[in-house]
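What follows is one structure encoded as structure tokens, with my remarks underneath.
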Protein chains: 2
Amino acid sequence: MKCYRLLFFEYSFYMLIYQSYIYKYMELTRKNQIIKVAATLFRERGYNAVSMRDIAKVMEMKASSLYNHISGKQEILSSLIIEVAQAFTSEMSKIIATHSTALKQIEKVVEIHIDVTVTYSENIASLNNDWMHLEGAALKTVIKMREEYEENFRSIIKRGIQEGEIKPQHPEVILFSILSTLRTLYLWNEKRGKMDVNLLKKDMVAVLIKGIV
Amino acid sequence: MKCYRLLFFEYSFYMLIYQSYIYKYMELTRKNQIIKVAATLFRERGYNAVSMRDIAKVMEMKASSLYNHISGKQEILSSLIIEVAQAFTSEMSKIIATHSTALKQIEKVVEIHIDVTVTYSENIASLNNDWMHLEGAALKTVIKMREEYEENFRSIIKRGIQEGEIKPQHPEVILFSILSTLRTLYLWNEKRGKMDVNLLKKDMVAVLIKGIV
DNA sequence: AACTCTAACTAACAATCGTTAGTTTTGTAT
DNA sequence: ATACAAAACTAACGATTGTTAGTTAGAGTT
């Protein structure tokens, strides 16, 4: 996974297509490759247990060489987290904008969570487990985005209760139990194996909304 | 929080009763105090982001002094995790032994999860987030306990479906969504504030089993 | 052929890590 | 008073951390 010039790199990287699972990174810039590699390591061991030398080893280069492409470890973490946080925020905005019934909106929240999880499962691990290791502005931003997301979800649930669509249970309990299931979805990505995404959406919506009895 | 001899320590520790939240550690051995302090730090920042010097600072001693009481950082982590893992395992055994209906057993699982979370909330943070940093036998033990716990829960759910008590949904989806809610309960401990534990149990059982509509 | 740019390299920095060895302080028991 | 044990201390170890500075190799451009 070494490369001295982009063309040469693309060639040598191309060679990996048939022997490696990382062929999907082929079209990425060197920077984004590093971020992807870091993401999988962060997911397995957590931000603080992964050294720059660990990341470099997978990239088949020396740790110092990483700094030709990124400004530091913090940049990797913050770009990972902010990317997926923005995905959630923008999807949530779309849902709010639909002005459908609260129940339909909740169903939609479950669905987009599954979609985003499939697309960004490694990023979500960092968002969930390592957000507190962000520094400065990035930390503030992520906390704010998280609060706004929760507040949006909370207001949907409250509206659902007011309009009689949802049982008058403690809204915080509802919010919490749905959200914690959705947030841990990334852990389930490999376990569910070949389970179809659309089937998963259907079942998940059913279980979370209609219960199990 | 320094102490040269146990009696003196108990006295000086006693002085803290009226000025500090840590009065509850009063009757603990020095070793268990260290473990408790480590637990709160691990919960906030994660195992790898907490140094022995951090723990020592809270204990008002030098890092090397910790080794008069514990064998190392690993011992702290493993005793934290194994303590709560055993609590879950033993409670689950009791539930299995009751031979009640599957639904009643699931309700009971939710309730004991809330109880154990209230008692061991810091330990659960480590169990959830830092189990992978265990080494050797402790790691194997915890993985095995986790698998057995999940398998027990899974078989209850399957029995519930077979006997028609539970809707014939994908059992893995049910298992996952209940378990991930329960496992993240510890995050909610401060948020829920003054919410009564028994009320929480009632609402949580209702939401997880009967759904929200 | 000479120049430029990218992306790697080597070498090293200061800081921090978990831990060990040996020593001193302190309260208790004889 | 003396001896003992508990629990702190100082000092330092080798390893690892994120990062910087300066250099080199290879490919494209003129």
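Every chain is numbered from 1 and lettered A, B, ... according to where its sequence line falls, protein lines coming before strand lines. Atom set for the values below is all heavy atoms of this structure, side chains included, hydrogens, waters and symmetry mates excluded.
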Figure out the [atom1]/[atom2] separation between [X] and [N], and round it to whole Å.
X: K62(B); N: dT23(C); atom1: NZ; atom2: P; answer: 19 Å
X: Y67(A); N: dA21(D); atom1: OH; atom2: P; answer: 12 Å
X: M61(B); N: dT10(D); atom1: CE; atom2: C1'; answer: 15 Å
X: I70(A); N: dA7(C); atom1: CD1; atom2: C1'; answer: 14 Å
X: R53(A); N: dT19(D); atom1: CZ; atom2: C1'; answer: 9 Å
X: N68(A); N: dT24(D); atom1: CG; atom2: P; answer: 16 Å
X: K57(B); N: dC9(D); atom1: NZ; atom2: P; answer: 13 Å
X: N48(A); N: dA15(C); atom1: CG; atom2: C1'; answer: 15 Å

**OP:** Can you see which heavy atom on I112(B) is nearest to which on F88(B), and at what distance?
**Re:** CD1-CD2, 4.4 Å
Original post:
Touch check for S51(B), heavy atoms < 4.0 angstrom, all strands: base, sugar-phosphate only, or nothing?
Top reply: sugar-phosphate
**OP:** Tell me whether the OP1 or OP2 atom of dT19(C) has a side-chain N or O from S64(B) closer than 4.0 Å.
**Re:** no
Original post:
If you measure from the Lys or Arg side-chain nitrogens to the Asp or Glu carboxylate oxygens, is any gap between K140(A) and E135(A) under 4.0 Å?
Top reply: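 Between E135(A) and K140(A) there is no salt bridge, as every charged N stays at least 4.0 Å from the carboxylate O atoms.
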**OP:** Look at the side chain of M52(A) and decide which nucleotide, out of dA8(D), dG18(D), dG18(C), has an atom nearest to it.
**Re:** dG18(D)
Original post:
DNA chain D: S71(A) or D54(A), which has the more 5' nearest nucleotide?
Top reply: D54(A)
**OP:** Measure the acute angle between the ring planes of W188(B) and F176(A), then classify it against the limits of 30° and 60° as parallel, tilted or perpendicular.
**Re:**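 If you compare the ring of W188(B) with that of F176(A), the planes turn out parallel.
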Subject >> Crowding at NZ, K104(B) (>12 non-hydrogen neighbours, <6.0 Å) >> reply: no
